[in-house]
Number of protein chains: 4
Amino acid sequence: MSYQAVLDEIQLNINQYYGIGEVATYIPELAKVDPRQFAMTVTTLDGKTYSVGSSGQKFSIQSISKVIVLTMALESLGGDLWDRIGKEPSGNSFNSLIQLEQEKGIPRNPFINAGALVTTDEVIQNAENAYDAIIDFVRKVSLSDKIEYDYKVANSELETADRNRALAFFMKSFGNIKSSVTELIDVYCHHCSLSMTTEELSRLFLFLANKGINPLNGKIIASEYQAKRVNALMLTCGLYDNVGSFAYQVGIPAKSGVGGGIVGVIPGKLSLCVWSPELNSSGNSLVGTKALELFSELTGLSIF
Amino acid sequence: MSYQAVLDEIQLNINQYYGIGEVATYIPELAKVDPRQFAMTVTTLDGKTYSVGSSGQKFSIQSISKVIVLTMALESLGGDLWDRIGKEPSGNSFNSLIQLEQEKGIPRNPFINAGALVTTDEVIQNAENAYDAIIDFVRKVSLSDKIEYDYKVANSELETADRNRALAFFMKSFGNIKSSVTELIDVYCHHCSLSMTTEELSRLFLFLANKGINPLNGKIIASEYQAKRVNALMLTCGLYDNVGSFAYQVGIPAKSGVGGGIVGVIPGKLSLCVWSPELNSSGNSLVGTKALELFSELTGLSIF
Amino acid sequence: MSYQAVLDEIQLNINQYYGIGEVATYIPELAKVDPRQFAMTVTTLDGKTYSVGSSGQKFSIQSISKVIVLTMALESLGGDLWDRIGKEPSGNSFNSLIQLEQEKGIPRNPFINAGALVTTDEVIQNAENAYDAIIDFVRKVSLSDKIEYDYKVANSELETADRNRALAFFMKSFGNIKSSVTELIDVYCHHCSLSMTTEELSRLFLFLANKGINPLNGKIIASEYQAKRVNALMLTCGLYDNVGSFAYQVGIPAKSGVGGGIVGVIPGKLSLCVWSPELNSSGNSLVGTKALELFSELTGLSIF
Amino acid sequence: MSYQAVLDEIQLNINQYYGIGEVATYIPELAKVDPRQFAMTVTTLDGKTYSVGSSGQKFSIQSISKVIVLTMALESLGGDLWDRIGKEPSGNSFNSLIQLEQEKGIPRNPFINAGALVTTDEVIQNAENAYDAIIDFVRKVSLSDKIEYDYKVANSELETADRNRALAFFMKSFGNIKSSVTELIDVYCHHCSLSMTTEELSRLFLFLANKGINPLNGKIIASEYQAKRVNALMLTCGLYDNVGSFAYQVGIPAKSGVGGGIVGVIPGKLSLCVWSPELNSSGNSLVGTKALELFSELTGLSIF
């Protein structure tokens, strides 16, 4: 069964899952999205792209950007990054501040908000202009010049970012944030607001399936070591409170965002991205999760 | 034994306790204070003042200002204040985020930092200029025009206020802070920096010993109801993690500050203030606590 | 206004508060009690007794027994008891296990369950037969031979004591429980089941109002030092999550039990006990709290 | 490179790691083990066995038994087990009471102590004699009659099991334990004390690499669905606080025990077991972890 046939089969099956989840509402601008949309793209190491649904439609990548700033922070800081941030699952979200207090301002991993604030801080420290550096990185790696920040979404997030400001000041009180919190939160809200298609995102993550090298142009994005580390972190920490269920049901290292996107990596084979705005109770795309389950089932590409 | 004789006796006894505690160092400007200083003042309801030591020496009142903003917030908001803030002891250390998370942004009481941020917020909301309103209140109630903010201390605190900023943004994320956090922290650091003598502070608290009325000029500062409430809160929450020990050993409603001051109230009789900069491990003046123990012992004025 | 007149006035006023609270149901045997009952007794240092309501009616003293085992533990161990147990308020009940974990098995104070398990453990360690020792102590101090354990209540509690067993084993894992947990929980459930009248309980606590000496027969029950400590602990930790409100509204050191009893002490003057089974949301007698508020108001005996 | 060659290469390399870790000491009987021992066995789906070191030496399997009781509980209860126990990583240290309190007595996953107590409870509820049922299961699946409980180790664990008793009573207070705690802890300490060789353990786990079916005799041990679930749980929760690091460095679903054993599964290919008693700071075999890293490196069998 070809990847295109698999995607077509998936599209036939996902309609039944519409209307069960709910679009994220805590960011007003995201709440305006039409909920019943779907797109899915697979990109193989040889550069072939297979898509289904509205794969040219831009959407807000949200927490998927945590993988981007992690990769950039690893690029500049290398293994020393792990002095400022952990590599272990965080348990439940309730624990976020408790854990941060017990562990002296060191976030558990780079995919909880506190952790992504630390990696964003590192990007700011190493770039002349963090906004430019991030968008340049994303455009370069995904080979697309048409990627932009969505300033409406960024501003909407800035208005609801008080808890992230609290996290940032809390870590700063432990000496684990170097930038000004105002700049940090601004950069953070901007990279969350990046607007991309499933095709662009799938292409962006291809280097993680290829030992850190973008197979489309041979450029080294990360060392093999770092690429492996990022994949392992996605599998153990990439899906909020659904890590365990997702690992079992899908079995693919992946990172989700509340905009409804999920990007996954099958090392040595392919990267893929699915998008559908309605979320399950853990904040992951409900239809997207179902689509990835089907993909895993139909291709047998689960790791378990 | 007259109050003056009691104070003289205390002064003879406290020398042995110098050098055991330590001056607060987390605010750089406070760390510069000469540690072996001592002053104590008693003011009775009939307006008589008894002092010993350097009772004309200004010092930083720090957390004692929490009683001031609480009184002002109660004046403007009345009992509705208790929708935004609790009245129970906090158990944990005085600025823990854990409890605040569990209790949805409602601080346990007005004498932990989070609670004092809420009362300060209320003062800002109700004053044209909060800085002026606070200093006017303090000067009026203590009948002294010579009270000023110590801007060096205020600025020093602003530089180490990240944890308080975290608390403020965290409560704001729950909707329990109305002012801008920048202004809030600035006002907060300023009222903590108020510089006063034991004579001024003792006089300032006299209304709490007199059912809310300043006995020196008959002005109503708080209702009898509110004065009683503030006293009860001082006894159960006024001394950080030393509430239980202090209640037993001294038995006087009191509020301490890391500047080394402790103000106490004996309802129906007197108010008093002691100052000595070296602190015990809970952040209360070590010599001051000993002085109050002696006072309680020599006068029999403990409540137990 | 004589104490008898005060009590009569209180009885006239409390009817309106019936039906608001609820009888404790988690111990099946306690749930069977007729809810609309009321009794109140005042005992002055000169031995005079004033009562109103069904003051000859036995009821389950429950957590009031924590004061009994604390006094007994202090008698045998003295100040060393405070190596095994704290003296500070605990914050909220939610924190019980969290705090115990953070503080290495040392309970915050003797009036939370974990703390009373430690004092009970101490009683067991020092008595040939703890059951006999406790009932002998209670009978001796209250000058009543008619006090008994209520074995039905004790057995009912044993059936719902798993959380207390968890607390005991948890502290044992830190080395802070010496007895067997089976015996410990059995003794604990028995002293909670003690069945007494308001007259007996009021008399039992008279030594705390008289510097540790039972004024009725001159016997020393505790040192002045210890009596003062117990009173301070009752004020700061005696009423579950109502410590702050109760301190303000009543202003009397007191200890409550879920059987509906509350015992209070006014040092140098009197002890008193009120009983009515319906509880407020914090587990204190609702009518009893109202009665004590009225008592404080009518006699002016509040400490604030 | 043949598996035997890989194992030989590993053995040549691990000597340098002796003396860095420490043998577990909290169970007195385990502390007596000679620390510098090593064994490793690989069993492929076609039944071939490759070993190196003292692969015939029995050792205490400890927490590896959690996979055994989980498999048995799934066999009898099926998916309903997940009403009593979660499937997500725990974040906190492996026997924290805090999470259990927040989540009403439902442990986060079957590989923390609380979770394994629930699966053991389920085994007790469904077996005539749990001790016999467990050892029968282990002997049957590993095709070895020579497996026994080590009663000395079991008794040693019973003496230090107070924290586990606390966990059990705590869950019982939420209604999530059905057996008597005395029996539960006894069975639990016994299955932890099972004494096995790397050859036996490797063979025991072979069904997890083969969709639930023991390839050596065709017997169905678990459904494909359940086998997949257990593997995913091992990858996300199998190594205490080292899940993230292990996932990255080894990339094999695995379960460790403080006896120094680690069992791993590569679905569709093989199962393997390594043993060496010295532990790293997270409680996993230090030399064993290094050996598995080398295995992953030399064979390229990591999943990332």
Side-chain angles (χ1 to χ4, degrees), chain A residues 82 85-96 98-100 102-103 107-112 208-209 211-212 224-253 265-268 282 296-297 300-304, chain D residues 82 85-94 96 98-103 106 108-112 208-209 211-212 224-253 265-268 282 296-297 300-304:
Chain A
W82 308 115
I85 198 170
K87 293 163 288 192
E88 297 297 327
S90 71
N92 53 1
S93 59
F94 180 89
N95 274 341
S96 54
I98 297 181
Q99 250 171 3
L100 211 46
Q102 287 172 346
E103 295 174 10
R108 273 248 138 183
N109 66 62
F111 295 153
I112 55 174
L208 290 171
K211 302 182 178 181
E224 180 177 350
Y225 184 96
Q226 286 160 359
K228 211 169 144 188
R229 169 67 86 189
V230 173
N231 289 340
L233 280 164
M234 289 201 290
L235 192 79
T236 54
C237 320
L239 284 114
Y240 309 119
D241 266 353
N242 257 167
V243 159
S245 299
F246 192 89
Y248 153 66
Q249 284 161 316
V250 179
I252 293 173
V265 167
I266 297 178
S282 294
S296 163
E297 207 179 302
L301 287 173
S302 159
I303 55 178
F304 298 113
Chain D
W82 308 115
I85 198 168
K87 293 163 288 192
E88 298 296 328
S90 72
N92 284 25
S93 75
F94 68 101
S96 168
I98 297 179
Q99 245 172 6
L100 211 47
E101 184 159 25
Q102 289 170 350
E103 296 174 9
I106 307 291
R108 272 248 133 186
N109 67 62
F111 295 154
I112 54 175
L208 290 171
K211 304 181 177 181
E224 179 177 351
Y225 183 97
Q226 287 159 359
K228 212 170 144 186
R229 170 67 87 190
V230 173
N231 289 341
L233 279 164
M234 287 200 292
L235 192 78
T236 54
C237 319
L239 283 115
Y240 309 123
D241 267 354
N242 256 166
V243 159
S245 299
F246 192 89
Y248 153 65
Q249 283 161 315
V250 180
I252 293 173
V265 167
I266 296 177
S282 294
S296 164
E297 207 179 301
L301 286 173
S302 160
I303 55 178
F304 299 112

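No hydrogens, no waters, no symmetry mates; every other heavy atom, side chains included, goes into these values. Here is how names work: the chains are called A, B, and so on, in the same order as the sequence lines, proteins then strands, and each is numbered from 1. All of these numbers come straight from a predicted model, not from anything done at the bench.
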Checklist entry - Taking every heavy-atom pair that is under 4.5 Å apart, which of A:V265, A:I266, A:V243 has the most such pairs with chain D? => result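 So the answer, after comparing A:V265, A:I266, A:V243, is A:V243.
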Checklist entry - Which of the residues A:N231, A:T236, A:L233 is involved in the greatest number of heavy-atom pairs with chain D at under 4.5 angstrom? => result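 When all of A:N231, A:T236, A:L233 are compared, A:N231 has the most.
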Checklist entry - Side chain, backbone, both or neither: which part of A:F246 has a heavy atom under 4.5 Å from chain D? => result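 Contact with chain D is absent: no heavy atom of A:F246 under 4.5 Å.
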Checklist entry - CD/A:E88 to CG/D:L239 distance, rounded to the nearest 0.5 angstrom? => result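 Those atoms lie 9.5 Å apart.
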Item to check | Heavy-atom pair with the smallest gap, counting every atom of A:P89 and D:G244 | outcome: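 For A:P89 and D:G244, the tightest heavy-atom pair comes out as CD-N, 4.3 Å.
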Checklist entry - So which heavy atom on D:S245 is nearest to which on A:R229, and how close? => result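 Heavy-atom minimum between the residues: CA-NH1, 3.9 Å.
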Checklist entry - How far apart are the C-alpha atoms of D:K228 and A:Y248, what are their side-chain angles, what is the distance that settles it, and do they pass the side chain to side chain contact (heavy atoms under 4.5 Å, CB included) test? => result CA-CA 7 Å; D:K228 212 170 144 186; A:Y248 153 66; 3.9 Å; yes
